[in-house]
There are 2 protein chains.
Amino acid sequence: MRNFDEMPGHLARRFQQIAVAVFHGEVGEAGFDLTPVQFAALSAIEANPGLDQATLAGLIAYDRTTIGGVVDRLVQKGLAERNASSTDRRARVLQITDQGRDTLERIDPAVDAAQHMLVRGLTEDEAETLMHLLRKAIDAGNDLSRAPQRTAWTAASHERIKPAK
Amino acid sequence: MRNFDEMPGHLARRFQQIAVAVFHGEVGEAGFDLTPVQFAALSAIEANPGLDQATLAGLIAYDRTTIGGVVDRLVQKGLAERNASSTDRRARVLQITDQGRDTLERIDPAVDAAQHMLVRGLTEDEAETLMHLLRKAIDAGNDLSRAPQRTAWTAASHERIKPAK
DNA sequence: ATCATATTGACAGTATACTGATTATCAGTG
DNA sequence: CACTGATAATCAGTATACTGTCAATATGAT
């Protein structure tokens, strides 16, 4: 058998697999029914009220065909709202609801716990190094995926959030 | 918006996302139609002829409900065979076909290229460090996922491949 | 031998992710 | 204003992954 332990791709899959399991464990135990993806989306919606789905996808690097279903489930749970844009009839603008804001606030400790649990085998320095190297590799590979992270404007203010690099 | 760049879970998702895209890119360009998961499974079957699906799942840390479909597709492509076990009527034993062996041999350069592409933003030392830290974090978190990596015996020889730690 | 327990593989159901295509709409050009 | 090209969202189809459940079978303790 090839030595998968030396293939970054295999390690990537295992690490992500564990990350999702840990998130479900911590967050589920705290009484919430949110997936990692739903949490990230809701968090981005809270911070950028009125953004459209394409911008949301770019902000957290989702595929644009995936985001529709994610938002569907957030809306169905009463955590977000989706409405037609008044300025672009193609776009749907997103807002967080009071319930969504409340959920985010109360879920934070569990999310924090999950992040720490995920690197529980590493010292603090090692965890820092791991994240630094992951970020570096991700930045270099950003354009290689169908869903690259993108700079964004808030649909509401048309003001650039992140400066062009 | 919460700072996802400091959440190992988010970085895990992005890194895996890019890993899959890179694999598809390199391997697809080389003319093959194998996913990362199918490649790993086929490779493990080659190295452990006659293993059953549960053992396969443990070897490469798949969920056992996922492995069935993966093997289905390998069989359908003519790369592997699945037969009833003669010693355990519950189990299905797996074998690689000549075509499967041939595919693995010819696909290797593309897989190698993908692994390098994935860490193209890092120096060789950094890539080594990244893999070391990922392995360390994964080892500590192994039991947290539904599909932990397990030691295995070959169904054929009943000989332990990896010693109990 | 028998019974409690564990294991193997399968199923239904849900949630990510992707490819590739389509529709509706917008924005810039001539 | 008409036309071209880009963009927002959706759809159909495929492949991972997981939860929870089940039937068939194996194994270990008594």
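It should be emphasised that the depicted structure is a prediction, and the values quoted were computed from it without experimental measurement. So you know, we letter chains A, B, ... as the sequences are listed, proteins then strands, and number each from 1.
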Flag for B:E6-B:N3: side-chain donor and acceptor within less than 3.5 Å |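 Side-chain D/A pair, B:N3 to B:E6: present.
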Protein-nucleotide distance (B:L56, atom CG; D:dT16, atom P), rounded to Å =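 The distance from CG of B:L56 to P of D:dT16 comes to 12 Å, rounded to the nearest Å.
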Within a reach of under 6.0 Å around CG of B:D33, are more than 12 heavy atoms found that belong to other residues, nucleotides or ligands?
->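 Atom CG in B:D33 is not packed in, count stays at 12 or less.
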May I have the distance from B:E29 (atom CD) to C:dT19 (atom C1'), rounded to whole angstrom?
->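 So the CD-C1' distance, B:E29 to C:dT19, works out to 16 Å.
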Roughly how many Å is it from CG in A:L51 to P in D:dA8, rounded to a whole number?
->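 Result: 12 Å.
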Note: A:D108-B:R2 ion pair, threshold 4.0 Å (strictly below) =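 Salt bridge present between A:D108 and B:R2.
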Integer-rounded Å distance: C:dA15 C1' and A:D33 CG =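 Distance, rounded to whole Å: 11 Å.
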When you get a sec, tell me which of C:dA17, D:dA8, D:dT19 is the closest nucleotide to the side chain of A:Q16?
->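 That would be C:dA17.
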Could you identify which residues of residues 66-82 of chain A place a heavy atom less than 4.0 Å from some atom of DNA chain C, listed by residue number, or say none?
->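 Correct list: A:T66, A:V70, A:R73.
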Produce the list of close N/O pairs, under 3.5 Å, pairing protein atoms with atoms of nucleotides 23-25 of chain D; give distances to one decimal.
from	atom 1	to	atom 2	distance (Å)
D:dT25	O2	B:R90	NH1	3.3

Taking only side-chain nitrogens and oxygens of B:T65, does any of them come within less than 4.0 Å of OP1 or OP2 of D:dT19?
->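 Result: no.
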Report yes if at least one side-chain N or O of B:Q17 is closer than 4.0 Å to OP1 or OP2 of C:dC18; otherwise report no.
->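 It does, given that an N or O in the side chain of B:Q17 lies less than 4.0 Å from OP1 or OP2 of C:dC18.
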If only side-chain N and O atoms of B:R64 are considered, is one of them under 4.0 Å from the OP1 or OP2 phosphate oxygen of C:dT7?
->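 Checking B:R64 against C:dT7: no side-chain N or O falls below 4.0 Å of OP1 or OP2.
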Let me know the distance between CZ of B:F39 and C1' of D:dA15, rounded to the nearest Å.
->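 Distance check: B:F39 CZ to D:dA15 C1' gives 18 Å.
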For the pair B:D139 and B:R135, find out whether any cationic side-chain nitrogen is under 4.0 Å from an anionic carboxylate oxygen.
->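 Result for this pair is no, no salt bridge flagged.
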Closest to side chain of B:R92, choosing from D:dT10, C:dA10, C:dT8 =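 The listed nucleotide nearest to B:R92's side chain is C:dA10.
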Mind listing the closest non-hydrogen atom pair of B:F15 and A:A12 along with its distance?
->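 So the two residues come closest at CD2-CB, 3.5 Å.
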Is there a path from A:I138 to B:V20 through hydrophobic residues (I, L, V, M, F, W, Y) whose side chains come within less than 4.5 Å of each other?
->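 Not linked; separate clusters.
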Starting at atom CZ of A:F23, determine the distance to atom P of D:dT19, rounded to an integer number of angstrom.
->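 So the CZ-P distance, A:F23 to D:dT19, works out to 15 Å.
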Are the charged groups of A:R82 and A:D72 less than 4.0 angstrom apart, N to O?
->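 The answer is yes: the pair qualifies as a salt bridge.
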Rounded to the nearest Å, what distance is computed from the CD atom of residue B:Q53 to the P atom of nucleotide C:dA10?
->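 Nearest whole value for this atom pair: 5 Å.
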Between A:D52 (CG) and D:dT7 (C1'), how many Å, whole number?
->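 Going from CG in A:D52 over to C1' in D:dT7 covers 10 Å.
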Between B:L34 and B:F23, what is the shortest heavy-atom contact and its length?
->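 Minimum heavy-atom separation between B:L34 and B:F23: O-CE2, 3.3 Å.
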Got a salt bridge between B:R101 and B:E46, using NZ or NE/NH1/NH2 to carboxylate O under 4.0 Å?
->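 Looking at B:E46 together with B:R101, the answer is no, because their closest N to O distance does not fall below 4.0 Å.
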